[in-house]
Amino acid sequence: MTDTRLFNPTHFVKARLPQSALRAPLNSILGAQANVRVLRELVMAGIPLAAGELARRARLGRTSVYPVLKGLEETGVVAFVGAGALRQVSFRKSHPLARPLAALFQAERSRVEQLIETLREHLRDVQPPPIAAWVEGPVLANEDRLLDSIPLFVLSHPKTLPAMVDRISKELESIEKVFDVQFEVHAQTRSELSARPQEVLDTLSDVILLSGVPPASLVNDQVRPSRKSRMHQDHDSNARRLAVGVAAKLRWDPSLARLARRQLMKRAKSASPQEQRELQEWIRIFSTMSPSRLQRFLTERGERADRLRQTLPAFDLLTPRERKAVLSAQNDGEVRAAIRVERRTR
């Protein structure tokens, strides 16, 4: 069965100046995210749908879908058929733009299908094969946002897991470039999987399985690990605060990313094997992420970002004064303000 749970485009900007309705009818047809959602469901369904069912599939409010349908009806791209309780909405295949619109939504779905199949092909070549590999996270609940990374989990024996994750992460670079996505690769052992909070374990039955056995079948009842010590929490907090400062500097001067990448490559030459794995992951991030995605990743709160922030030598991008000011800040706003002040005083 086709899995279409990846990607959830969300950003639309309100236009201030008009354009010709004759020359640019797509402005009205695709003028809001709700329009796109409704058209996508109608096109992919291939049959007329009741307004309530259409609202459910498009994840829209039942009452809010009617203004959307009225607007689309005025463009001529949809039509109401039937009457009363049997009234439904149909995508007008006779509309002059119907075929390219349908092709656009088909291409959108095909991109996800091809991405999943490509991942499965790459994982089939991994030797020894992982016990399980899957995608999970906000994408499964249709809650992922533009520029979010895709969480890819790999489970294997502790001895083979580090090398396996290194190889998979390296091979993902080509997939990231072709499909314009970014992955977070999470290494998992069976004990680590079983140690997850129960609310997370409950979601394992609804993952996108890429290789091996379903992860839900691997969960064992084990004692949950204790919380991090206060010292470790403070260390994580300081690391993130510094990363927010780096992201603020990158916003003013994106070229600093090249300097950070050179620092990473230089440090990797003399690093220990464990640190090298972390640094190689950072090199891949600085090499493949767009400036906006990179700034967002540096500051996001997540397992991968928390882990990698511990080994980010790009903190050298901050001057001693900036570093002191950032560590004294109480929140992200104060961090950015500190960077802004230091920038102006140079």
Side-chain angles (χ1 to χ4, degrees), residues 3-10 111-123 126 130-156 161-162 164-219 236 240 243 277-278 280-282 284-285 288-290 292-311:
D3 202 319
T4 59
R5 293 174 288 178
L6 295 181
F7 312 117
N8 182 20
T10 57
R111 172 177 176 251
V112 177
E113 294 173 349
Q114 291 168 10
L115 173 60
I116 294 172
E117 184 54 35
T118 302
L119 287 171
R120 287 171 174 158
E121 289 176 358
H122 276 256
L123 288 167
V126 175
I131 297 173
W134 68 94
V135 168
E136 64 171 82
V139 65
L140 301 182
N142 288 302
E143 295 175 354
D144 56 308
R145 301 163 298 173
L146 196 65
L147 303 183
D148 275 359
S149 297
I150 303 171
L152 192 159
F153 287 79
V154 179
L155 188 147
S156 189
L161 190 56
M164 180 182 296
V165 168
D166 289 346
R167 178 181 174 185
I168 291 173
S169 298
K170 183 66 176 177
E171 292 183 349
L172 285 176
E173 291 182 19
S174 60
I175 301 178
E176 290 174 329
K177 291 179 180 179
V178 169
F179 290 93
D180 190 26
V181 296
Q182 189 73 29
F183 291 98
E184 299 177 26
V185 182
H186 299 268
Q188 292 271 276
T189 61
R190 290 189 65 166
S191 59
E192 289 172 335
L193 182 68
S194 298
R196 289 185 177 193
Q198 188 59 48
E199 61 269 20
V200 178
L201 293 176
D202 291 341
T203 67
L204 289 179
S205 59
D206 190 35
V207 302
I208 300 175
L209 185 64
L210 301 174
S211 177
V213 300
S217 66
L218 300 172
V219 174
D236 289 346
R240 185 181 178 279
R277 283 192 288 271
E278 304 285 330
Q280 288 299 327
E281 195 168 353
W282 271 120
R284 182 167 65 90
I285 287 170
T288 61
M289 283 191 179
S290 66
S292 57
R293 188 191 291 270
L294 176 59
Q295 292 165 35
R296 180 171 170 178
F297 175 77
L298 284 169
T299 62
E300 72 181 17
R301 301 179 187 276
E303 179 185 336
R304 185 194 187 199
D306 288 343
R307 170 175 58 82
L308 287 176
R309 276 194 289 263
Q310 312 304 318
T311 57

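Treat the numbers as computed from the prediction; the structure is a model and nothing was measured.
- Looking at Gln188 and His186, their side chains never bring a donor and an acceptor atom within 3.5 Å of each other.
- Counting only heavy atoms from C-beta outward, the side chains of Glu117 and Arg120 approach each other to under 4.5 Å.
- Residues Gly137 and Pro151 come closest through the heavy atom pair CA-CG, 4.3 Å.
- A distance of 10.5 Å separates CG in Leu147 from CD in Glu300, rounded to the nearest 0.5 Å.
- Of the inter-residue distances, the one linking Leu210 atom CG with Thr118 atom OG1 reads 11.0 Å to the nearest 0.5 angstrom.
- A salt bridge does not link Arg293 with Glu176: every distance from a Lys NZ or Arg NE/NH1/NH2 to an Asp or Glu carboxylate oxygen is 4.0 Å or more.
- Under the salt bridge (charged side-chain N to carboxylate O under 4.0 Å, His left out) criterion, Lys170 pairs with Glu173, not counting sequence neighbours.
- A side-chain contact (heavy atoms from CB on, under 4.5 Å) with Ile131 is found for exactly one of Val154, Thr189, Leu161, Val213, namely Val213.
- Side-chain contact between Glu281 and Arg284: present, with at least one pair of heavy atoms (C-beta onward) separated by less than 4.5 Å.
- What you find for Val126 and Arg167 is that their closest heavy atoms are CA-NH1, 3.8 Å.
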Worksheet entry | side chain to side chain contact (heavy atoms under 4.5 Å, CB included) assessment of His122 paired with Ile168 | CA-CA 8 Å; His122 276 256; Ile168 291 173; over 6 Å; no

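- Under the 3.5 Å distance criterion, the side-chain polar atoms of Ser169 are left unmatched by any main-chain donor or acceptor of Asp166.
- Between the side chains of Thr288 and Gln182, at least one donor N or O sits under 3.5 Å from an acceptor N or O.
- Scanning all heavy atoms of the two residues, the minimum distance from Leu201 to Leu193 falls at CD2-O, 3.2 Å.
- Put simply, OG on Ser292 and CG on Leu146 are 8.0 Å apart, with the number rounded to the nearest 0.5 Å.
- Taking the six-membered ring where tryptophan is involved, the planes of Trp282 and Phe297 are perpendicular, since the angle between them exceeds 60° and thus also 30°.
- The minimum heavy-atom distance linking Arg296 with Asp148 is given by the pair NH2-OD1, 2.5 Å.
- With rounding to the nearest 0.5 Å, the separation of CD1 in Ile208 from CD1 in Ile116 is 4.5 Å.
- Between atom CD1 of residue Ile175 and atom CG of residue Leu119 there is a gap of 5.0 Å, rounded to the nearest 0.5 Å.
- Across all their heavy atoms, Leu123 and Ala133 have their closest contact at CD1-CB, 3.8 Å.
- Closest approach of Glu192 and Ala187 over heavy atoms only: OE1-O, 3.6 Å.
- We find the CZ-CG distance between Phe153 and Leu204 to be 9.0 Å, quoted to the nearest 0.5 Å.
- Taking 4.5 Å as the limit, every side-chain heavy atom of Leu155 sits out of range of all side-chain heavy atoms of Pro215.
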